[in-house]
Amino acid sequence: MAHSKTSAIEAACARHNHRADALIEILHDVQHAQGCIDDEAARVIADKLNLSRADVQGVRSFYTDFIAEARRKTPVKICRAEACQAVGSDKLAAALETAGHDLETIFCLGNCALGPAVMVEDRLIGRATAERVAAQMERTK
Amino acid sequence: MSPSLRLYLPGDAAAVSVGADEIADCLHTEAKKRGLNIELVRTGTRGMLWLEPLLEVDIGGERYAFGPMLPEHVPALFDDAFSNAHDCALGPLEDLDWMRGQTRWLYRRCGQTDPLNLDEYKANGGLDGLTKALASSSDDVIETVTKSGLRGRGGAGFPAGIKWKTAAGIDADQKYICCNADEGDSGTFADRILMEGDPSLIIEGMVIAGLAVGATKGLVYIRSEYPAAIATMKRAIEIWREAGLLGDDVMGSGRSFDMDVRRGAGSYVCGEESAMLESLEGKRGQVRAKPPIPAFEGLFGKPTIINNVLTLASVPDILARGGEAYAAVGTGRSLGTQAFQLAGNIKCGGLIEAPFGVTLRELIEDFGGGTLSGRPLRAVQVGGPLGAYIPADQLDLVMDYEAFAAAGAMLGHGGIVVFDDTVDMARQAEFAMEFCVEESCGKCTPCRIGSVRGAETIAKIRKGENVGDNIALVEDLCTTMTDGSLCAMGGLTPMPVMSALKYFREDFETKTAPAAEEVAG
Ligand SMILES: Cc1cc2nc3c(=O)[nH]c(=O)nc-3n(C[C@H](O)[C@H](O)[C@H](O)COP(=O)(O)O)c2cc1C
Ligand code: SF4
Ligand code: FES
């Protein structure tokens, strides 16, 4: 298990030719594969790219996309930026929280004419309601 | 079998977000049931997002529009043979007021064709600009771009020709073209729509930029919130490579240009060009001190052109049309067309391409049809989270860089976010500071610390604590941030805050202190 995990990380580094400038792409790939960039992953990546562990952890912590610990369940990404505020994203967020979803705040999903906007995995939902979000969560299970 | 019927339906993320894929499934199912042969082309969006999913049917060579479609509308479409009697029938697409009111240059193919069909791209004017560029000297290309008056569409409005000339004049073993597709501003989606709807146009613009300044490598930095745009751009680049339009021998010219996509990772400040360069180098997205400007020392220290998606995508048409012809529309020093984006509490939201010089009122009332809620409009934020809040009595403002600057506002990337009279402007001001706290790169104190203090102080005002003194404190903080910040993140956060204070002061001053309330009660 530990071995196959390491090899997935190594494969991600190899896919980008061990280039340090591709670190963000590599972090995306690793997070996609295992749900987070834990300290062990950061160590392997640092090793493969010839960076310090602090470098990799510093990049991981700067970008909100990257997390050090995997989430318990699929989060509902909800846009809390101005255009969605103007059509009630705060109320929607409260309703989603009450319904027991894990929320992740995003600032703009590029669907600002059809807000409130929500994303579940890569699936964008426009004119989102608690019901439509729940239906999408059902489908991703 | 009956002759096949051609249907067009957007595959754009916004259209899909309100059910376009379900409509596609229903169309196929219904056609099969009836033994009909249909050809369904997934296109980009026309930008009329409130009508999505917007289906188009080719009837005798003309496109008829139906929208917004729900699955239950599909059987009736077939029953009435796609006639105008259908509940969703809108008539010929090109006759819609929204389409007729525009000057669609940049978006003319968007919604019309399969975004990844290179033959259609060529058949509809694609590659005309690149063909011309390959037959011209780089000086001539830059001269044409300069003459067009094209200014950067990413926000700052810097003349593209001048930037290109600077980078072209430097001798270097390597130069880069970076396309800024970070599009982080709330209320904007023009880059996304173009990436999904006509990716070749962006690639063509980048190749021309590369030829003009002597760069052989390009990168498109796309925010991770746009998975569909990332996939489409990546695929389009492969298609260009397979067709010999990218690589060592661009269109058989012997000249070389190749490019790739890089993803962002959820940081707003990475849209700032030097933070973007850091990110492209695999680092934390911290803003670099200027000088040097990227045209001298950019990616990996090499001369680099950074332009917004729309800036680069404007170039092929400018070359094909000619610089003067492009500059013939617009107003003052804001020339050509701009993609305005109507968002927030708006009845008919979407993308409108129109010459600069159109007024906010024309966009919001004529195109947008007013608020979605039907309540009175109270405020409009133009230019993203760092843009000013404009009150309802100033909608006659003309969309022009200088006119906006004179009004203490900014056009930015063309996003227009509408709020009705339920908005609490003190809360919006507080959010502007909170956003800066969240997104500051942390390099300089006025931005990093000032925004935290600003958010705290506005929170106090909202609770009614020492309102007068705290407003004065916020104004002071704003001055410090404006004057002392290294980049526009900290430097412009005061714009929404101060405009809210200026035009909507009652929202700050009428807050009652909790103590006063107790006494009164
Ligand atoms: C905080 C911040 C965020 C920015 N975000 C973007 C962005 O998302 N897209 C963009 O094109 N420009 C953005 N800019 C402007 C860029 O720094 C730069 O001016 C622009 O990419 C240059 O291209 P242009 O001249 O074609 O506009 C941002 C600037 C700041 C200060
Ligand atoms: S103003 Fe803010 S975002 Fe810009 S350099 Fe300073 S700390 Fe970074
Ligand atoms: S502001 Fe919510 S999608 Fe853009």
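Heavy atoms only: backbone and side chains are in, while hydrogens, waters and symmetry mates are out. Residue numbers begin at 1 in each chain, while the letters A, B, ... track the order of the sequences.
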A.B. asks: Tell me whether the count of non-hydrogen atoms from other residues, nucleotides or ligands lying under 6.0 Å of CZ in A:R71 goes above 12.
C.D. replies: yes

A.B. asks: Answer with side chain, backbone, both or neither: which region of B:P385 has an atom nearer than 4.5 Å to a non-hydrogen atom of chain A?
C.D. replies: both

A.B. asks: Name the region of B:E183, side chain, backbone, both or neither, that has any atom closer than 4.5 Å to a heavy atom of chain A.
C.D. replies: neither

A.B. asks: Side chain from CB out, backbone as N, CA, C, O: work out which of these in A:V59 comes under 4.5 Å of a heavy atom of chain B, or both, or neither.
C.D. replies: both

A.B. asks: Below 4.5 Å from any heavy atom of chain B, which atoms of A:L109 appear? Answer side chain, backbone, both or neither.
C.D. replies: both

A.B. asks: For the interface with chain A, which of B:S186, B:S224, B:G349 has the highest count of heavy-atom pairs at distances below 4.5 Å?
C.D. replies: B:S186

A.B. asks: Give the minimum heavy-atom separation between B:R284 and A:F62, together with the two atoms involved.
C.D. replies: CG-CB, 3.8 Å

A.B. asks: Tell me, for B:D185 versus chain A, whether the close heavy atoms (under 4.5 Å) come from the side chain, the backbone, both or neither.
C.D. replies: backbone

A.B. asks: By a 4.5 Å heavy-atom criterion (distance strictly below it), what part of B:R262 contacts chain A: side chain, backbone, both, or neither?
C.D. replies: both

A.B. asks: What closest approach, in Å, do B:R223 and A:G110 show between heavy atoms, and which atom pair accounts for it?
C.D. replies: NH1-N, 4.2 Å

A.B. asks: Give the intermediate values and the outcome of side-chain contact (heavy atoms from CB on, under 4.5 Å) for residues B:E225 and A:M119.
C.D. replies: CA-CA 9 Å; B:E225 293 84 350; A:M119 198 179 246; 5.7 Å; no

A.B. asks: Does any heavy atom of chain A fall under 4.5 Å from the side chain of B:L49, the backbone, both, or neither of them?
C.D. replies: both

A.B. asks: Taking all non-hydrogen atoms of both residues, which atom of B:A265 and which atom of A:Y63 are closest, and how far apart?
C.D. replies: O-CB, 3.4 Å

A.B. asks: Go through B:G285, B:G187, B:A228 and name the one with the most non-hydrogen pairs under 4.5 angstrom from chain A.
C.D. replies: B:G285

A.B. asks: Can you list the residues of residues 88-99 of chain A that sit under 4.5 Å from chain B, counting heavy atoms only?
C.D. replies: none

A.B. asks: Can you tell me if B:S17 uses its side chain to pair, donor with acceptor, with the backbone of A:L124 under 3.5 Å?
C.D. replies: no

A.B. asks: Nearest 0.5 angstrom please: A:Q85 CD to B:F419 CZ, how far?
C.D. replies: 6.0 Å

A.B. asks: Looking only at heavy atoms, which two atoms of A:A83 and B:A343 are closest? And how far apart?
C.D. replies: CB-CB, 4.0 Å

A.B. asks: Please look at B:T371 and chain A and tell me whether the side chain, the backbone, both or neither of the residue comes under 4.5 angstrom of a heavy atom of that chain.
C.D. replies: neither

A.B. asks: Are A:F107 and B:F435, when compared by the centres of their aromatic rings, separated by less than 6.0 Å?
C.D. replies: yes

A.B. asks: Less than 4.5 Å to any heavy atom of chain A: does that hold for the side chain of B:C348, its backbone, both, or neither?
C.D. replies: neither

A.B. asks: Tell me, for B:D260 versus chain A, whether the close heavy atoms (under 4.5 Å) come from the side chain, the backbone, both or neither.
C.D. replies: neither

A.B. asks: Is it the side chain or the backbone of A:R132 that comes within 4.5 Å of chain B heavy atoms, both, or neither?
C.D. replies: side chain

A.B. asks: Can you see which heavy atom on A:E25 is nearest to which on B:R263, and at what distance?
C.D. replies: OE2-N, 2.6 Å

A.B. asks: With a 4.5 angstrom heavy-atom cut-off, could you sort out which part of B:V380 is near chain A: side chain, backbone, both or neither?
C.D. replies: neither

A.B. asks: Using a 4.5 angstrom heavy-atom cutoff, name the option from B:E439, B:Q286, B:K283 with the most pairs to chain A.
C.D. replies: B:K283

A.B. asks: Contact part of B:E438 toward chain A, heavy-atom cut-off under 4.5 Å: side chain, backbone, both or neither?
C.D. replies: side chain

A.B. asks: For chain B, which candidate among A:R127, A:Q136, A:R19 shows the most heavy-atom pairs at distances under 4.5 Å?
C.D. replies: A:R127

A.B. asks: What part of B:V18 gets within 4.5 angstrom of chain A, counting heavy atoms only: side chain, backbone, both, or neither?
C.D. replies: both

A.B. asks: Answer whether the closest heavy-atom distance between the side chains of A:C112 and B:V417 falls below 4.5 Å.
C.D. replies: no

